[in-house]
Amino acid sequence: MNQARQKFPPVKDQMDLLLRGTSEVISAEELEKKLLRSFTTGTPLIVKQGFDPSAPDLHIGHAVSIRKLRQFQQLGHTVTFLIGDFTGMVGDPSGKSKTRPRLSRADVLRNAETYKAQVFKILDPEATVIRFNSEWHGTRDIYQFLELTGKHTVARMLERDDFLKRYQTGETISILEFLYPLLQAYDSVALRADVELGGTDQKYNLLLGRKIQEEYGLEAQVAFMMPILIGTDGKEKMSKSLGNYVAISDPPDEIYGRVMSIPDNLIVQYFTLATDAPSFEILKVEEDLKTGRVNPMEHKKRLAREMVGLYHSQKAAKLADDNFRVRFQDGGIPQDVPDLFITGDINIIDLLVKAGATSSKSEARRKIEEGAVYLEEQKITDFRQAIQVQNDQILKVGKRKIFRLKKV
RNA sequence: GGGGAGAUGCCCGAGCGGCCAAUGGGAGCAGGCUGUAAACCUGCCGGCUUCGGCCUACGGAGGUUCGAAUCCUUCUCUCCCCA
């Protein structure tokens, strides 16, 4: 399919925008060359990033690079959103404890749909191509595969930091895992990628993509490393498995609340990597935090509003802001409390479990003993208490879980 | 191919025949203090329960024993050393 000749912004402007907020680009000169060629021939660059098919819950850490992809699109280039289904179907053995389940074809397709729903909150569907790497890996024979492995060495694979560390400390590295980077690198060959994006932790893989492309007689891709966003715990990188994430599909109050729970020293980083706030404003925030002139909470609220605005709307942001004030600062009841439908009378323990506020009856009981459960502002002290449900009673479990009871 | 070490709750890691639902740390949850920040203090942290207990758990399967996470056999997996 031939793209019609296209008009791009001046190369210098493109460079300015694209390099902003990156951690490292290898190399800027090559990028400029590619952009120049694209400009003169009217051909968009092919920009690629790969995603794990097993975790279709995108969070604002992923969004850092996806937002960069979006910039490429805004400049007129083509983004390939690559789903690593082949590797997912094989099953990733990395980290002995968390053996990932092998995904079936149906799983992969379902996850892909979930991806689309989320990723198009950021990307332009018109300028996005979704591909699966089983398209090429799934059809290659062992001869072609061995040919690929012949293009790299064990010594060079061990250059990768985490492999070397694990090798030296006697941790397991499966051969399959060892071969992953090679498969990923080949993806760039198959797609003829001009640019590949990834987190800084992907540096080795992105560089290997360059090498392998050259081995196959192609021009090397430009490697775009984006900074890794620290999770809401302020310690580890944001990831779903650690639970320290803000999902882009989270409801407004959730996004707002999670953002408010980040440590103060993350405020500037989040503004920089996760919002569209102009840099002069971020500088001002930085200044305020340093001098202590403004309560950090105020800036964090602004950050939380920006985030909600980005993935929902300004209106939702305003509402989330109000809800937060009511719920946590005034200790009241916010507007949009989820309803919980109850038939007849119910034991307080069963009520908590039904609400999903606790994961078991034992836990429900503990929470009551800890004094975390309130019904209509009244602390529940007896876990045997039967509740005569009345419409619009408010059930509160801890500070965050609030329900409005509805009698059926 | 030979020899050695090991697999414990979300993670790390003690236990080495009964006192073990299992020491300790981390994570998490709840309460206090606050700004749902950090730091700090307190409690909880397998499930069910008529609150007396009961059930499920220490890689899998068998066995010894009144009794096993702890001993034996075997299987699976991991690591180290030698070839």
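All values derive from a computational prediction rather than experimental measurement. Every chain is numbered from 1, with letters handed out A, B, ... down the list of sequences.
Among the heavy atoms of the strands lying under 4.0 Å from P296(A) is at least one base atom, whether or not backbone atoms are also near. Heavy atoms of I267(A) sit nowhere under 4.0 angstrom from any nucleic acid atom. Across all strands shown, R327(A) has no heavy atoms under 4.0 Å from either base or sugar-phosphate atoms. Among the heavy atoms of the strands lying under 4.0 Å from Q329(A) are primed sugar atoms or P, OP1, OP2 only; no base atom is included. K300(A) comes within 4.0 angstrom of a base, heavy atoms only. Using a 4.0 Å heavy-atom cutoff across all strands shown, G257(A) reaches at least one base atom of the nucleic acid.
Annotation: side chain of K367(A) is in contact with side chain of E370(A) (closest heavy-atom distance under 4.5 Å). Side-chain contact check for Q390(A) versus E376(A): every heavy-atom pair is 4.5 Å or farther apart. Using a 4.5 Å heavy-atom threshold, the side chains of I66(A) and F51(A) count as touching.
Spacing between U36(B) and A30(B) at atom P, rounded to whole Å, works out to 14 Å. G46(B) and A69(B) are spaced 16 Å apart, taking the C1' atom of each and rounding to whole Å. For the P atom pair drawn from C54(B) and U49(B), the interatomic distance equals 16 Å after rounding to whole Å. Nucleotides C16(B) and U70(B) have their C1' atoms positioned 5 Å apart, rounded to a whole Å. Nucleotides G67(B) and C48(B), compared at atom C1', are 25 Å apart to the nearest Å. Separation of the P atoms belonging to C33(B) and A37(B) is 13 Å when rounded to the nearest angstrom. On the C1' atoms, G6(B) is 25 Å away from A27(B), given to the nearest whole Å. Distance noted for atom P between U42(B) and G47(B): 24 Å (whole Å).
Nearest to the side-chain atoms of S261(A) among the listed nucleotides A30(B), U36(B), G35(B) stands U36(B). When the nucleotides A38(B), G31(B), C29(B) are ranked by their closest atom to the side chain of P263(A), A38(B) comes out on top. Checking U49(B), G32(B), G35(B) against every side-chain atom of K361(A), the shortest atom distance belongs to U49(B). Of the candidates U36(B), A27(B), G47(B), the closest approach to any side-chain atom of S360(A) belongs to G47(B). For F328(A), taking side-chain heavy atoms from C-beta onward, the closest of the listed nucleotides G47(B), U36(B), G35(B) is U36(B). When the nucleotides A27(B), C48(B), G35(B) are ranked by their closest atom to the side chain of N295(A), G35(B) comes out on top. Nearest to the side-chain atoms of K399(A) among the listed nucleotides G35(B), C45(B), G31(B) stands G31(B).
An OP1 or OP2 oxygen of C51(B) is reached within less than 4.0 angstrom by a side-chain nitrogen or oxygen of R384(A). Within the structure, a side-chain polar atom (N or O) of T172(A) is placed less than 4.0 Å from OP1 or OP2 of C79(B).
Note: H137(A) and F86(A) have tilted aromatic rings, judged against thresholds of 30 and 60 degrees for the angle between ring planes.
Between K48(A) and D194(A) no salt bridge is recorded (no basic side-chain N to carboxylate O distance below 4.0 Å). We find that R302(A) and E306(A) are joined by a salt bridge, their nearest charged nitrogen and carboxylate oxygen being less than 4.0 Å apart. A salt bridge is defined here as a Lys NZ or Arg NE, NH1 or NH2 lying under 4.0 Å from an Asp or Glu carboxylate O, and D162(A) with K165(A) fails to meet this definition. Ionic pairing of R37(A) and E219(A) is present here: one or more N-O contacts between side-chain nitrogen and carboxylate oxygen are shorter than 4.0 angstrom.
Checking side-chain atoms of K68(A) against main-chain N and O of L18(A) turns up a donor-acceptor pair under 3.5 Å. Using modelled atom types, no side-chain atom of R160(A) and backbone atom of N205(A) make a donor-acceptor pair closer than 3.5 Å.
Nearest-nucleotide assignment on RNA chain B puts the 5′-proximal partner with D233(A), out of D233(A) and I173(A). Each of G371(A) and I349(A) lies near RNA chain B, and the nucleotide nearest G371(A) is the one positioned closer to the 5' end.
Scanning atom types as modelled, one donor and one acceptor separated by under 3.5 angstrom connect the side chain of E370(A) and the base of G43(B). Scanning atom types as modelled, no donor and acceptor separated by under 3.5 angstrom connect the side chain of R365(A) and the base of C44(B).
Taking a 6.0 Å sphere around CG of L146(A), one finds it holds more than 12 heavy atoms contributed by other residues, nucleotides or ligands.
What separates CD of E298(A) from C1' of A37(B) is a distance of 13 Å, to the nearest Å. One atom, CG of D330(A), and another, P of G35(B), lie 12 Å apart when rounded to the nearest Å. Here G35(B) presents its P atom at 11 Å from CE of M260(A), a figure rounded to the nearest Å. Per the geometry, CZ belonging to R258(A) stands 12 Å off P belonging to G28(B), to the nearest Å. Atom-to-atom, CG of L266(A) to P of U36(B) comes out at 18 Å; the value is rounded to the nearest Å. Between the P atom of A30(B) and the NZ atom of K396(A) lies a distance of 13 Å, rounded to the nearest Å. For the pair E363(A) CD and C29(B) C1', the interatomic distance rounds to 7 Å; values are reported in whole Å. A straight line from CD of E171(A) to P of A5(B) spans 22 Å, rounded to a whole angstrom.
When each of R192(A), E214(A), E196(A) is tested with Q221(A) by the rule side chain to side chain contact (heavy atoms under 4.5 Å, CB included), just one qualifies, namely E196(A).
The two atoms that bring A364(A) and V353(A) nearest to each other are CB-CG2, 4.4 Å, heavy atoms only.
Contacts of residues 313-324 of chain A with RNA chain B (heavy atom under 4.0 Å): F324(A).
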Quiz item: Reading RNA chain B 5' to 3', how would its secondary structure be written in dot-bracket notation, given Watson-Crick and G-U pairs with both distances under 3.5 Å, brackets [ ] for crossing pairs and | for partners on other strands?
Solution: ((((((((.[[[..)..(.....]]].(((((.......))))).(((....)))...[[[[[..)....]]]]]))))))).
